[in-house]
Amino acid sequence: MKLTSIKGMHDVGPPEIGLWHHVEKTARQVLEAAFFSELRTPVLEEEALFTRGLGNTTEVVEKEMYAFADRDEKRLALRPEGTASIVRSFIEHFATPGGSHRRFYYMGPMFRRERPQKGRYRQFHQIGAEVFESTHPYTDAELIHLADEIFRRLNIQGVKLQLNSLGCKSCRPIFKENLLQFLKPLAATLCADCQRRLEHNPLRVIDCKKEVCIAATQAAPSALDFLCGDCSVHFEGVQQGLKAFSTPYTINPRMVRGLDYYERTAFEFLSGELGAQNAVAGGGRYDDLVKELGGPAICGVGFAIGLERLVSLVSTSPINFKSPLKIYFAGLGEEARVRLLPIMLVLRREGFCVLSAFDAQTFKAMLRQADRLNADETVIVGEDELKQGVAQIKNMKTGEQKNVSLNTLVDYFKGSLLSSTQS
Ligand code: AMP
């Protein structure tokens, strides 16, 4: 029997993994510079965390969650998203009054049993950030700016931010009721999914992407028309904050998020480069979630970026991403090899990617291997070079060769790196 990976779940290896590392490193830099600490939570949690946190009737929980009974019958679930786990961990370890940790980020796999297609997988990865205990609208704006900053640092063009406010516990029910009254007479014209959504989740009907539903809901009431005074002030504040952070946005009153816990601010980053699955990130404010999951009354706001989609945008952007210079050491004979080893180790510590030929017996075999490994430069040292204290450096792309003293080899590569980053 041939064993393969599960449908919708993928291995990520070379050469693509280099892009993943680049993206992950950039996100860490952006978030850590803004006082965020990484928080790693298990991929398995109690199922109740998600049914209570995300809402029993959300599509993610109802149709897509990998949930099962453990050997002791306890109900467990593979996390379908990151926020509920971070909130659970926050309550467990950090939520004490006056605690010093209020800003967290995470990256890792999430699991949803969706129909796999380009940009939509059953195991996918997210980079997310959450801020607790700040009610200020500038916190929402800062968080949105940080997601945008990650795109900027990665040189990704054309990602557009859409913003909305979903209201709060006091004004949303009024909007929901009005929306329902508007939608009920149109029920027969909606898609099958939306006919079901009418029962549990009418808000989702207005952001359904199917033509029939878009047409039917053209004149639907907007959440923004029902915002209470506090929600209006908050929404205004978020917009002022976005201007202060120089983050362009458009308001989309039809954008609602798929999970129940969002209140007030909701946002999505969309890209025209991604095809049908065009959302690269999403997030919003969740002021009651900590309390609903058994913690104190502490509010929160967060975002999650889809890593697969982000990586695919980076791979098509005219980019800044440079993998480290790959240097292959071709030392012929024991003496040459021993002379070269300490130099190799220094170069590795300096951040170069360095490999030596131990098995190949001839220069020809070594150069063939260097070629196969996609090396940028090969350092060739045989008996003659050893006597003269030099190495022949061969540029594997141009074929150009030059002699460099063994004593200055490290400086030579450091210098060439400098000139290549300046060019
Ligand atoms: P959500 O938690 O649904 O708001 O998702 C946040 C981001 O994660 C989305 O904007 C996507 O970029 C990504 N994402 C969500 N679901 C999937 C999936 N099944 N496959 C790949 N990426 C996904």
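Both counts, for ligands and for their atoms, begin at 1 and track the order of listing.
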d(Phe132 CZ, Asp287 CG) to nearest 0.5 Å is 11.5 Å

What pairs of residues pass the ring-ring contact (aromatic ring centres under 6.0 Å, His included) test when at least one of them lies in residues 209-231, not counting sequence neighbours? Phe175-Phe226

Can you list, by chain and residue number, every protein residue with a non-hydrogen atom closer than 4.0 Å to ligand 1? Arg112, Glu114, Gly119, Arg120, Tyr121, Phe124, Gln126, Arg257, Ala279, Val280, Ala281, Ala304, Gly306, Arg309

What I want to find out is whether Arg28 reaches Glu38 closely enough, with some N-O distance under 4.0 Å, to be called a salt bridge. yes

Does the ring centre of Phe94 sit less than 6.0 Å away from the ring centre of Phe104? yes

Does Glu81 pair with Arg112 as a salt bridge, N-O distance under 4.0 Å? no

Measure the spacing between CD1 of Ile144 and CG of Leu163 and express it to the nearest 0.5 Å. 5.5 Å

